[in-house]
Amino acid sequence: MSAVRRKGKRTAQQTADACGDASVDLTRLLDIVSAFARQTICVVGDFVLDEFVSGEISRVSREAPVLILRHRRSEIYPGGAANAVNNLADLGARVLPVGAVGDDEGGRALLSYFRRKRVNVSGILRVRKWATATKTRYLAGWTHTTEQQVLRVDREPEGELPPRVLQAIERKTRQLARRAGAVLISDYGLGAAPPSLVAKLSAKRITLDSRYRLLAYRDAGVTAATPNEPELESAYHTRTGTDVAKLEELGERTLHDLGLEALAVTRGKDGMALFERGSQGAREGTCPPRHIPIYGSDAPVDVTGAGDTVIAVFTLSLAAGASYLEAAHLANYAGGIVVMKRRTATVTRGELEAALRREATAQR
């Protein structure tokens, strides 16, 4: 871990929040959201293209027991680390993305998308003879019915990123990390943000969303992480089920094993569980876990990319001065908003502010 990384720097408000209950001041949350536009976040990770192909059910094939779909439309959206970048941009932050795409149609589509949003893409490298990871979801429905996903086809690059590309990513990341209020690591297993790179960063704070190798970052100096419950179970080859005590034991173990200041575990319809060190620089113990109930409906429309929204809002909130509890609440609100949208969606600053104001009105 870099010796200059500042950990445990808390405001008076954050210290007051530490180890308290799970409630927060909604006016304070609105103040944090209003500061989003003044923040700069560096996002390092695996850039993915999400493709959605919609078709109307025509008939059942005579060749095989499968549906024949009449093509309606195809849509593309940023996925993976690119989705985190997209969320940050829609929240008004300045984003500095670093990663790699192939020198192919998918890579060009992602770069064009971000240029239209005036996101600086100088840190996204185009790699020859390397494919942009693409997840294609096929959706089927009748004219007046809701489309349902019937098939997903993933196209991933063969082999690892070349050493020269990894070196270039490292140089760019170390350069941009010094200009950011936080560095967000989005690891989808494609190799653009290895633990060895993260360990070399001089950053104010580093947040992590790792799909497959959470524990590999144990010596990388990560400040906070936001896994979902299945990812936590997978890391330790166990199941928590409905056993909250087991979840809490696993969360505290992860907090210790990774040397984190905070761990926010997303739990679908059960909301979020926050694990946090007890005080500035504390090593003798942790706060009791705080459980945050789900915001909005427990029947989501589409959960695609929701984890990217959670890590984006959590990270941006910390950069804007939020405590871990405040950041977790804001991420929970954002997650509740985005799962009610179709496709790989984002949340905007206006939507987040509107949700907070509705909540404040309901509590009066």
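Not measured: the values here are computed from a predicted model.
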Are R155 and E105 close enough for a salt bridge, meaning some N to O gap below 4.0 Å?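 Looking at E105 together with R155, the answer is no, because their closest N to O distance does not fall below 4.0 Å.
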Going by an N to O cut-off under 4.0 Å, is there a salt bridge joining R174 and E170?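 Result for this pair is yes, salt bridge flagged.
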According to a 4.5 Å side-chain heavy-atom criterion applied to Ile, Leu, Val, Met, Phe, Trp and Tyr, with indirect links allowed, do [X] and [Y] form part of one hydrophobic cluster?
X	Y	result
W142	L67	yes
L125	V48	no
V53	L151	yes
L190	V121	no
L49	Y138	no

Non-neighbouring partners of Y333 that pass ring-ring contact (aromatic ring centres under 6.0 Å, His included), sequence neighbours left out: Y295
So, using ring-ring contact (aromatic ring centres under 6.0 Å, His included) as the criterion, who are the partners of Y188 when residues are at least two apart?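 Residues passing ring-ring contact (aromatic ring centres under 6.0 Å, His included) with Y188: none at all.
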Please report the interatomic distance [atom1]([X]) to [atom2]([Y]), rounded to the nearest 0.5 Å.
X	Y	atom1	atom2	result
D209	D187	CG	CG	8.5 Å
R137	D50	CZ	CG	4.5 Å
D257	D219	CG	CG	10.5 Å
L318	I206	CG	CD1	12.5 Å
F275	L247	CZ	CG	4.5 Å
N87	T348	CG	OG1	10.0 Å

Can you find a heavy atom in the side chain of [X] that is under 4.5 Å from one in the side chain of [Y]?
X	Y	result
V85	P78	no
H329	S317	no
I76	L110	no
S323	E276	no
L208	L214	yes
V222	I185	no
Y217	L260	no
Q175	R171	no

For a side chain to side chain contact (heavy atoms under 4.5 Å, CB included) check, start with the C-alpha distance between L356 and E359, then their side-chain angles and the critical distance, and finish with the verdict. CA-CA 5 Å; L356 291 170; E359 193 80 354; 5.6 Å; no
With respect to Y77, which candidate in F52, F114, Y113 satisfies the ring-ring contact (aromatic ring centres under 6.0 Å, His included) definition?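 The single option meeting the ring-ring contact (aromatic ring centres under 6.0 Å, His included) with Y77 is F52.
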Among pairs that include at least one residue of residues 223-236, which meet salt bridge (Lys or Arg N to Asp or Glu O under 4.0 Å), considering only residues two or more places apart or in two chains?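 For residues 223-236, and leaving out neighbouring residues, the salt bridge (Lys or Arg N to Asp or Glu O under 4.0 Å) pairs sorted by first residue read R211-E231, E229-R267, E233-R239.
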All pairs passing salt bridge (Lys or Arg N to Asp or Glu O under 4.0 Å) where residues 156-166 contributes a residue, at least two apart: none
Below 3.5 Å, can you tabulate the donor-acceptor pairs from side chains in residues 29-42 to any protein atom, sequence neighbours excluded?
unit_1, atom_1, unit_2, atom_2, d
S34, OG, D31, O, 2.6
Q39, NE2, A35, O, 2.9

Would you sort out whether N86 and T346 count as a side-chain hydrogen bond (donor to acceptor under 3.5 Å, both in side chains), showing the intermediate values? CA-CA 7 Å; N86 203 26; T346 64; 4.9 Å; no
With sequence neighbours left out, what residues match E351 under salt bridge (charged side-chain N to carboxylate O under 4.0 Å, His left out)? K341
The side chain to side chain contact (heavy atoms under 4.5 Å, CB included) partner of L263 among L274, T226, L255 is L255
For [X] and [Y], which heavy atoms make the closest approach, and how far apart are they?
X	Y	value
V198	A193	CG2-O, 4.3 Å
S186	G80	OG-C, 3.9 Å
L232	V265	CD2-CG2, 4.0 Å

In the hydrophobic clustering (ILVMFWY, side-chain contacts below 4.5 Å, transitive), which residues join V301, or is it alone?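 Under the 4.5 Å side-chain rule, V301 groups with V303, V338, V339, M340.
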I'd like to check the side-chain contact (heavy atoms from CB on, under 4.5 Å) partners of A100; sequence neighbours left out, ordered by chain and number.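 For A100 the side-chain contact (heavy atoms from CB on, under 4.5 Å) partners, ignoring immediate neighbours, are V127, W130, L161, V165, I169.
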Identify every side-chain donor-acceptor pair in residues 55-65 under 3.5 Å, counting partners at least two apart or on other chains, and give the distances.
unit_1, atom_1, unit_2, atom_2, d
E56, OE2, T143, OG1, 2.9
S61, OG, E63, N, 3.0

If the condition is side-chain hydrogen bond (donor to acceptor under 3.5 Å, both in side chains), which residues does [X] pass it with, not counting sequence neighbours?
X	answer
S74	H71
R108	none
T242	none

[X] side chain vs [Y] backbone, donor-acceptor pair below 3.5 Å:
X	Y	result
D302	R343	yes
N120	L96	no
S234	P230	no
N332	P293	yes

Assess the residue pair K246 and T238 against the criterion (side-chain hydrogen bond (donor to acceptor under 3.5 Å, both in side chains)); give the C-alpha distance rounded to whole Å, side-chain angles, the decisive distance to 0.1 Å, and a yes or no. CA-CA 10 Å; K246 192 170 183 179; T238 187; 3.3 Å; yes
